[in-house]
Amino acid sequence: MPNMRNILVLTGAGISAESGVATFRGPGGLWEGHRVEDVCTPEALARDPALVHRFYDLRRTALAGVMPNAAHRALARLDAAWPGGLLIVTQNVDDLHERAGARRLLHMHGELLSALCAACGVREPWGDALPPQSECPNCGMLALRPDIVFFGEMPYQMERIEAALAEADLFVSIGTSGAVYPAAGFVRLARHHGADTLEMNLEPSEGSHWFAETRRGPAGRLVPDWVE
Ligand code: BV8
């Protein structure tokens with residue numbers, strides 16, 4: 001990657017698929033068992049908190065049984081070695097990027113292993129001591145919720161993401177269907193600012209036509225080949 005100074009990498013559920021983490025919109029995907037509106041909206045949390053907590057508890061528990069794959073590890077190597085700007089923006093709420101060693105990373109849709117107090121805004125690690133009906137350790141209110149960005153809620157750190165997109169020389173999208181906004185619009189923002197664009201995905205995404213280059217295949221093979 002000659003004279004590529006600043007790189008922004010967007011990852012989606014596809015980068016964790018080879019670790020055994022279910023994607024959303026594929027066969028047997030996460031949403032299969034549920035309508036999105038039933039488990040991933042503020043209204044769902046208000047209407048049926050037990051269902052929403054069960055959906056996220058199941059995924060949180062499953063995390064203990066999975067490991068980062070070659071794609072996560074390759075991005076962590078890039079992070080450690082790349083002298084220019086690098087930001088990995090993940091839509092994923094698993095901790096596989098961290099466990100692979102990535103540092104310059106942010107979770108725009110939240111994190112399974114974090115609890116958010118809807119009353120005071122403080123975040124706590126989601127440990128066993130934090131079942132949904134427990135009090136917030138900071139303010140004592142019964143207002144703990146998954147630290148997850150539901151549909152209709154503003155994704156986290158959007159200003160930081162938009163600033164990085166404006167500076168990016170290269171925008172890389174890995175393992176996302178391009179179905180969810182604002183993440184699905186990042187490639188257009190990056191192009192608008194003159195960045196080169198590369199998509200690595202198992203199959204065409206809803207945004208493939210916006211990319212200057214697309215590579216088809218499993219992230220576990222494509223990402224290490226690209227990083228090396
Ligand atoms: C907001 C929570 C505004 C965490 C998620 C109409 C038009 C445009 C937009 C909208 C609209 N109506 C509503 C909206 C907005 C809405 C939206 O985009 N809806 C869509 C469905 C149309 N967006 C929002 O509501 C967002 N907020 O807009 O706020 C606002 C403004 C001001 C003030 C307040 C609010 C919030 C979006 C976040 C929602 N939360 N998840 C969780 O439960 O995990 S979204 C959910 O989908 C996940 O976060 C996931 O990351 C995301 C995207 O899915 P993908 O990661 O792409 O996964 P998917 O399964 O779809 O695809 C996997 C891909 O990998 C596939 O392409 C597959 O081929 C590939 N693959 C599989 N295996 C491999 C592989 N690739 C490589 N290797 C492999 N081995």
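None of the values given here were measured: they were computed from a predicted structure. Note that ligands are numbered from 1 as they come in the structure, with each ligand's atoms numbered from 1 the same way.
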His97 meets the ring-ring contact (aromatic ring centres under 6.0 Å, His included) criterion, sequence neighbours left out, with His72
Note, [X] side chain near [Y] side chain (heavy atom, < 4.5 Å):
X	Y	result
Cys120	Cys136	yes
Asp38	Phe55	no
Asp196	Arg191	no

Ranking Ser19, Ala71, Ala17 by closest non-hydrogen atom to atom 73 (N) of ligand 1, top hit is Ala17
Note: heavy atom closest to atom 42 (C) of ligand 1, options Arg216, Arg59, Arg215, belongs to Arg59
Here the pair of heavy atoms bringing Gly12 nearest to Thr176 is CA-CB, 4.0 Å
As an exercise, state the distance from [atom1] of [X] to [atom2] of [Y], rounded to the nearest 0.5 Å.
X	Y	atom1	atom2	result
Ser205	Phe211	OG	CZ	6.0 Å
Thr41	Arg47	OG1	CZ	5.5 Å
Arg123	Leu116	CZ	CG	5.0 Å

Which atoms of ligand 1 have any heavy atom of [X] under 4.0 Å away?
X	value
Gly217	77 (C), 78 (N)
Ala219	77 (C), 78 (N), 79 (C)
Met154	31 (C), 32 (C), 34 (C), 35 (C)
Gly12	56 (O)
Glu18	78 (N), 79 (C), 80 (N)
Ala179	20 (C), 21 (C), 22 (C)
Val93	4 (C), 44 (O)
Gly175	63 (C), 64 (C), 65 (O), 76 (N)

Side chain, backbone, both or neither: which applies to [X] and ligand 1 if a contact is any heavy-atom pair less than 4.0 Å apart?
X	answer
Thr23	both
Tyr56	side chain
Glu153	backbone
Ile148	side chain

Is there a heavy atom in [X] that sits closer than 4.0 Å to ligand 1?
X	value
Gly220	no
Met108	no
Cys40	yes
Ser205	no

* To do: Please step through side-chain hydrogen bond (donor to acceptor under 3.5 Å, both in side chains) for the pair Ser208 and Thr214, ending with a clear verdict.
  => CA-CA 7 Å; Ser208 292; Thr214 56; over 6 Å; no
Under 3.5 Å: N/O of [X] near N/O of ligand 1:
X	answer
Asn92	no
Gly152	yes
Ala13	yes

Practice item. May I ask you to decide whether Arg216 forms a salt bridge with Glu199, counting only side-chain N to carboxylate O separations under 4.0 Å? Key: yes
Salt-bridge present (Glu153, Arg145; N to O < 4.0 Å): yes
Besides Tyr181, the hydrophobic cluster formed by Ile, Leu, Val, Met, Phe, Trp and Tyr side chains linked at under 4.5 Å, directly or via other members, contains none
